[in-house]
Amino acid sequence: MSPFLGSNNPLFGLKHFVCIGLCIVLIAALFLLLRKKSFRTMCGVFFYCGIVSEIVKIFYYSHTNEAKYGGILPKTDLPFHLCSIQIIFITILYLFHNEKLNRFLLSFMRPSCLFGGIAAILIPTASARNGGWIITTQYFGYHAILVVFSLYLYASKEIEFKLSDYLNCLKFLLVLMFFAFYINSILYDGTTEMNFMYVISPPQDGLPFLNKNQGWFVYVLKYATLIITCVTLSYIVPIVKSIKEKLGKPAVENTETNE
């Protein structure tokens with residue numbers, strides 16, 4: 001049997017390494033192709049890729065779980081994870097033209113698409129590793145698009161991100177964390193554990209840092225710390241620039257006073 005088939009494809013096994021390599025090639029090719037396109041064009045690419053991805057996922061999991069759910073999409077596959085919820089945000093960006101709202105969403109999507117997409121590629125779900133080629137392609141292809149979109153936002157000169165965007169991103173993260181707690185509780189049916197945005201437990205067992213070895217509360221604190229650290233690193237340039245500007249203002253004012 002091919003090593004790509006069956007249900008025994010571990011993290012960083014042969015199939016996983018092949019998928020990582022293909023994602024790197026796809027991300028590099030798409031970024032070089034799209035980096036000079038307009039923001040509107042980039043949003044359109046992400047929007048239509050996201051729609052196709054979600055359609056594939058809906059039909060695949062509805063069909064796979066037909067014997068158990070009768071053709072209904074399992075609750076665990078609703079688009080409420082950090083990566084899948086981006087489809088909702090890109091739909092707003094593409095269909096509506098509210099500059100203030102769009103900038104608020106982009107301040108969050110810039111780091112979350114990058115780190116979320118990379119994390120998902122490095123720690124894929126069991127179904128992505130062990131499922132058929134359709135769901136594997138959907139999973140890794142979609143997360144590669146997330147990374148490309150984020151890299152576009154970093155490279156684009158159309159939008160200059162500032163310290164205020166960093167603060168807005170942190171605010172949005174807080175809102176999403178509460179949303180994740182609530183949606184997991186609402187959808188919990190007493191048998192299947194919901195774990196949207198991984199606020200209940202780690203994405204995989206045995207991770208070196210993200211684990212529940214010291215209990216759930218410590219896990220959530222470590223998880224939040226990791227996310228804040230990643231977001232801060234992604235905004236390090238505007239943060240440093242803002243600090244320099246604030247430190248430089250008194251000197252300018254004193255020079256003007258002396259004159």
Side-chain angles (χ1 to χ4, degrees), residues 4-11 15-16 19-20 22-23 26 46-92 94 105 108-109 112-113 115-147 149 173 175-205 207 210 212 219 223 227:
F4 292 161
L5 301 177
S7 57
N8 190 27
N9 293 287
L11 283 174
K15 182 177 182 180
H16 188 197
C19 290
I20 291 175
L22 291 175
C23 281
L26 180 62
F46 186 3
F47 173 75
Y48 288 110
C49 286
I51 294 299
V52 171
S53 170
E54 200 64 17
I55 290 173
V56 171
K57 189 178 78 172
I58 289 171
F59 280 95
Y60 179 87
Y61 286 118
S62 296
H63 173 69
T64 303
N65 294 277
E66 184 176 0
K68 185 176 182 180
Y69 296 108
I72 296 176
L73 181 71
K75 294 178 182 179
T76 51
D77 294 305
L78 292 171
F80 296 138
H81 276 295
L82 182 63
C83 291
S84 56
I85 203 171
Q86 306 287 350
I87 296 174
I88 299 174
F89 301 150
I90 195 63
T91 300
I92 295 173
Y94 188 63
L105 291 176
F108 170 75
M109 295 174 73
S112 61
C113 285
F115 289 105
I118 292 174
I121 291 171
L122 294 179
I123 314 175
T125 61
S127 60
R129 299 196 312 270
N130 301 318
W133 68 269
I134 294 178
I135 199 63
T136 299
T137 302
Q138 177 272 328
Y139 179 91
F140 285 97
Y142 173 73
H143 290 97
I145 290 294
L146 290 184
V147 176
F149 183 75
L173 278 170
V175 172
L176 280 181
M177 179 167 266
F178 277 103
F179 168 80
F181 285 131
Y182 291 142
I183 199 67
N184 282 317
S185 298
I186 291 170
L187 296 178
Y188 178 63
D189 57 10
T191 56
T192 304
E193 182 182 272
M194 301 294 115
N195 194 19
F196 291 116
M197 299 191 189
Y198 302 115
V199 296
I200 306 301
S201 59
Q204 299 284 344
D205 294 328
L207 296 179
L210 285 180
K212 296 175 72 174
Y219 161 71
Y223 183 39
I227 291 176

> Does the side chain of Y142 reach to within under 4.5 Å of the side chain of F46, using non-hydrogen atoms?
Replying inline: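 Yes - at least one pair of side-chain heavy atoms lies under 4.5 Å apart.
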>> Are L82 and F108 packed together at the side-chain level, in the sense that at least one heavy-atom pair is separated by less than 4.5 angstrom?
In response: yes
>> Does D189 have more than 12 heavy atoms from other residues, nucleotides or ligands lying within 6.0 Å of its CG?
In response: yes
>> Between T125 and Y139, is the side-chain contact (heavy atoms from CB on, under 4.5 Å) condition met? List the steps.
In response: CA-CA 9 Å; T125 61; Y139 179 91; 3.9 Å; yes
Please round to the nearest 0.5 Å and tell me the distance separating atom [atom1] of [X] and atom [atom2] of [Y].
{"X": "L187", "Y": "Y182", "atom1": "CG", "atom2": "OH", "result": "15.0 Å"}
{"X": "Y61", "Y": "I135", "atom1": "OH", "atom2": "CD1", "result": "4.0 Å"}
{"X": "S112", "Y": "L173", "atom1": "OG", "atom2": "CG", "result": "7.5 Å"}

> Given the side-chain rings of F179 and F80, with only the six-membered ring counted for Trp, is the space between their centroids under 6.0 Å?
Replying inline: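 Between F80 and F179, which both carry aromatic rings, the centre distance is below 6.0 Å.
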> Run the side-chain contact (heavy atoms from CB on, under 4.5 Å) check on M177 and I227 step by step: do they pass?
Replying inline: CA-CA 11 Å; M177 179 167 266; I227 291 176; 5.6 Å; no
Is the side chain of [X] donor-acceptor paired with the backbone N or O of [Y] at a distance under 3.5 Å, no angle test?
{"X": "H143", "Y": "Q138", "result": "no"}
{"X": "S53", "Y": "C49", "result": "no"}
{"X": "Y219", "Y": "S201", "result": "yes"}
{"X": "N130", "Y": "N9", "result": "yes"}
{"X": "K212", "Y": "P202", "result": "no"}
{"X": "R129", "Y": "H16", "result": "no"}

>> To check you understand the geometry: which heavy-atom pair defines the closest contact between L78 and F196, and what is its length?
In response: O-CE2, 3.4 Å
